[in-house]
Protein chains: 2
Amino acid sequence: MGPQHTSRGPVPHGHVTLAQVAQRAGVSAQSVSNALNNPDRLAAETRKRILAAVEELGYEPNLSARALRNRSSSLIAFKMRPSRPDKASLLMDDFLYVLNAAAVEAGYHLILCHAEDGPAGEIKAYRDLLKKTSIDAFVLAETHHNDDRVAALRSWGVPFASFGRSWDGDDSLAWVDVDGRAGTRAATDHVAAQGHTRIGHIGWLAESELGQDRREGWLDACRERELEADLQAAVVDSLEAGCQAAHRMLDASRPATALVCASDTLALGVMRALHERGLRPGVDVAITGYDDSPTAALVSPGLTTLRQPIDEVGRQLIQAIDNLMAGDPRQPQHVLLEPELVVRGSSLPGPRMRTS
Amino acid sequence: MGPQHTSRGPVPHGHVTLAQVAQRAGVSAQSVSNALNNPDRLAAETRKRILAAVEELGYEPNLSARALRNRSSSLIAFKMRPSRPDKASLLMDDFLYVLNAAAVEAGYHLILCHAEDGPAGEIKAYRDLLKKTSIDAFVLAETHHNDDRVAALRSWGVPFASFGRSWDGDDSLAWVDVDGRAGTRAATDHVAAQGHTRIGHIGWLAESELGQDRREGWLDACRERELEADLQAAVVDSLEAGCQAAHRMLDASRPATALVCASDTLALGVMRALHERGLRPGVDVAITGYDDSPTAALVSPGLTTLRQPIDEVGRQLIQAIDNLMAGDPRQPQHVLLEPELVVRGSSLPGPRMRTS
DNA sequence: GGCGTTGTTTTTAACGTTAATATCAGGCAG
DNA sequence: CTGCCTGATATTAACGTTAAAAACAACGCC
């Protein structure tokens with residue numbers, strides 16, 4: 001776009017360096033670097049000229065060189081779990097997307113981490129990655145009480161933030177989480193408002209802090225309305241387990257008429273149980289799930305569930321990391337977000353023609 | 001684990017360099033580099049000694065330095081799409097996981113790419129990423145006829161492989177795909193084998209090559225059995241569209257008794273239509289989907305569908321890229337894999353108690 | 001006019017790696 | 001003994017960036 005396009009010809013895919021920009025602007029390479037990273041060290045006039053040259057040549061700093069020099073790569077690592085066959089693929093897909101979007105927005109890139117087995121393999125994978133390349137920070141998911149990963153990352157001094165609060169009251173952990181208790185309470189309130197008084201809960205095993213949290217919400221709502229909280233199950237998170245638990249609660253002497261579940265997977269298990277008994281979700285028994293997995297909108301009738309604001313989770317995680325990296329002296333961020341109740345046919349008695 | 005652990009003390013998280021290993025082994029840094037990258041240039045004895053030192057110090061080459069020096073980062077980029085609300089999140093989750101696993105296995109890492117809007121934004125995002133850091137290769141998904149991304153990447157000379165074949169007979173493209181035609185044929189054969197003779201097809205709009213391919217499979221099977229292929233719909237991939245199309249085919253003068261769909265999303269739309277009409281999937285109307293999305297196993301009854309061998313897809317894509325990078329002079333790989341029919345209750349007339 | 005001060009810019013060196021070249025020792029033919 | 005080749009190892013330089021230090025200019029102050 002200028003008169004000196006003769007100098008280089010059709011560069012393969014632009015490999016403009018600091019030195020080239022420097023020459024173009026008639027300054028040293030360091031000044032160009034400063035123009036971009038330490039604007040206040042330059043005379044305003046010079047800076048303007050340099051930025052023009054940057055623009056003109058389409059210069060982008062080379063991240064490898066930066067990483068080498070600065071020991072910081074603008075990479076954030078995240079480890080995916082293998083998706084289990086019978087789980088409703090809890091929004092990993094979406095979560096990764098929004099996390100990456102937020103990361104890019106903030107000038108980072110997401111790099112995926114892979115670990116063979118579960119427990120210690122993950123830590124080894126983190127360590128290997130750190131040795132091989134400089135990783136600015138990690139994002140953890142599903143942290144639990146006494147999490148080894150937290151201990152490891154902390155001992156290495158690597159910034160990280162967790163999707164899932166600290167369950168052992170560790171204030172120094174930066175986390176973002178969704179209020180499962182409030183969510184389950186909202187779901188219970190919702191079915192109670194439909195007139196149900198025999199409201200059961202199908203949740204996870206006691207060792208799951210997350211499951212415990214969600215169960216509390218159901219208890220809260222029952223207590224508040226002075227309903228008996230006698231119908232409950234603590235099972236693994238699978239369709240089969242949800243199905244069996246539902247059968248038990250429907251076989252009880254005073255059977256449940258509404259079932260509040262700790263996950264969509266469990267709720268879908270309840271739907272299967274109703275299907276096997278020839279009962280209709282919503283009409284005969286109200287069902288609520290948790291997560292608003294893609295499946296929830298696609299089954300018939302639609303599944304009432306709680307939507308986690310994952311886009312906000314992603315943004316907040318990146319922000320938390322950004323703060324950590326900036327050496328922000330304030331407390332690491334703790335963000336607790338509210339889930340949103342999404343009402344669909346599975347919890348409504350009415351006619352459901354064309355309900356989504 | 002050695003006598004000279006005094007030299008450094010508790011190194012933060014291992015930052016062993018080539019020079020340190022060299023000193024330990026009593027050779028130059030270059031020899032260590034050669035021991036790892038050009039084994040045949042060293043005397044066997046020396047090499048052994050060097051490798052011992054590498055092992056002892058736990059040395060891992062620094063990827064940033066390598067990337068800078070070699071202009072190759074061992075990074076493979078992949079762009080995620082935002083998941084649309086009413087789609088059965090087609091296995092992106094799993095795909096990413098297996099792709100990353102295969103990448104790590106082969107010594108690469110996956111980095112996620114983010115683009116704002118759809119068409120040209122993606123190309124811009126690729127270019128920006130390439131400018132910023134050296135990316136060894138790209139993985140594309142859902143390529144279509146005359147794909148601009150293919151043209152762009154090719155013009156830049158960057159290796160890439162595509163999940164989705166070349167629809168314009170371009171032999172120089174490396175791709176891995178799943179045989180949609182064979183899959184749909186298998187599904188059609190399956191319902192025909194149950195005695196159905198009025199088999200409809202709900203597929204995608206004509207401009208989708210993938211949809212066209214799947215439709216062909218249905219046509220193949222109909223022709224072979226001399227069945228009329230008059231019941232068909234070409235619609236967008238949404239639950240609503242599938243639902244409406246199903247209603248039409250069930251309102252026909254000689255209504256469909258089986259519906260073969262181009263996606264699970266459409267098939268779930270059919271299920272909704274049956275639900276609205278008080279009909280039972282499998283018993284009254286047979287349904288098949290495509291993709292074996294997580295949802296398929298979770299609805300009741302389970303949805304008969306076609307499972308794509310995505311783990312194999314992931315492996316083959318990485319392998320294809322590996323071959324490209326090695327400058328393998330043979331034709332770029334073309335791999336067409338067979339999907340697997342997964343039979344569940346939605347296509348079976350029989351009693352379905354406890355079917356998964 | 002000497003001399004610190006301040007503000008701006010350049011020079012030097014280093015991050016860790018590897019291609020290219022240089023060095024060196026030993027073997028062997030002339 | 002000289003010269004040349006071969007195989008093994010060492011040295012140099014460079015990839016593109018930036019922190020730290022050095023250089024330089026302009027300015028006021030005694």
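Quick note on labels: first sequence line is chain A, next is B, and so on, each numbered from 1.
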- Query: A:F95 vs A:F163 aromatic rings, parallel, tilted or perpendicular, using cut-offs 30° and 60°?
  - Reply: tilted

- Backbone of B:S64 reached by a side-chain donor or acceptor of B:N62 within 3.5 Å: yes

- Item | Donor-acceptor pair, side chain of B:D147 and main chain of B:H144, under 3.5 angstrom | yes

- Query: Do the side-chain N and O atoms of A:D322 and A:Y108 include a donor-acceptor pair separated by under 3.5 angstrom?
  - Reply: yes

- Quick one, which residues of residues 64-72 of chain B touch DNA chain C with a heavy atom under 4.0 Å? B:A65, B:R66, B:R69, B:N70

- Evaluation steps, ring-ring contact (aromatic ring centres under 6.0 Å, His included), between A:F160 and A:Y126: CA-CA 12 Å; A:F160 66 99; A:Y126 288 165; 9.2 Å; no

- Item | Distance in Å, B:S74 OG paired with B:M325 CE, rounded so as to fall on 0.5 Å steps | 8.5 Å

- Query: First contact, last contact: which nucleotides of DNA chain C are these for chain A, 5' to 3', heavy-atom distance under 4.0 Å?
  - Reply: C:dT8 to C:dG16

- In whole Å, what is the span from the CG atom of A:N38 to the C1' atom of D:dT18? 9 Å

- How far does the helix from C:dG1-D:dC30 to C:dG30-D:dC1 bend, going by the axes of its first and last five pairs, to the nearest 10°? 80°

- Item | Qualifying residues under side-chain hydrogen bond (donor to acceptor under 3.5 Å, both in side chains), relative to B:T143, sequence neighbours excluded | B:S162

- Applying salt bridge (charged side-chain N to carboxylate O under 4.0 Å, His left out) to A:R47 and not counting sequence neighbours gives none

Using a cutoff of under 3.5 Å, can you pull out all pairs of nitrogen or oxygen atoms linking the protein to nucleotides 7-10 of chain D, with atom names and distances?
residue : atom : partner : partner atom : Å
D:dT9   : OP1  : B:T46   : OG1          : 2.5
D:dT9   : OP2  : B:A43   : N            : 2.9
D:dT9   : OP2  : B:T46   : OG1          : 3.3
D:dA10  : OP2  : B:S28   : N            : 2.8
D:dA10  : OP2  : B:S28   : OG           : 3.2
D:dA10  : OP2  : B:S31   : OG           : 3.1

- Report yes or no: does B:D311 contribute a side-chain atom to a donor-acceptor pair with the main-chain N or O of B:V98 at less than 3.5 Å? no

- Message: Quick one: does any side-chain atom of A:K79 pair with a main-chain N or O of A:A125 as donor and acceptor, under 3.5 Å?
- Response: no

- Item | Side-chain H-bond candidate by donor/acceptor type, A:D136 with A:S134, under 3.5 Å | no

- Message: With a 3.5 Å distance limit and no angle check, can you tell me whether A:R315 reaches the backbone of A:A102 through a side-chain donor-acceptor pair?
- Response: no

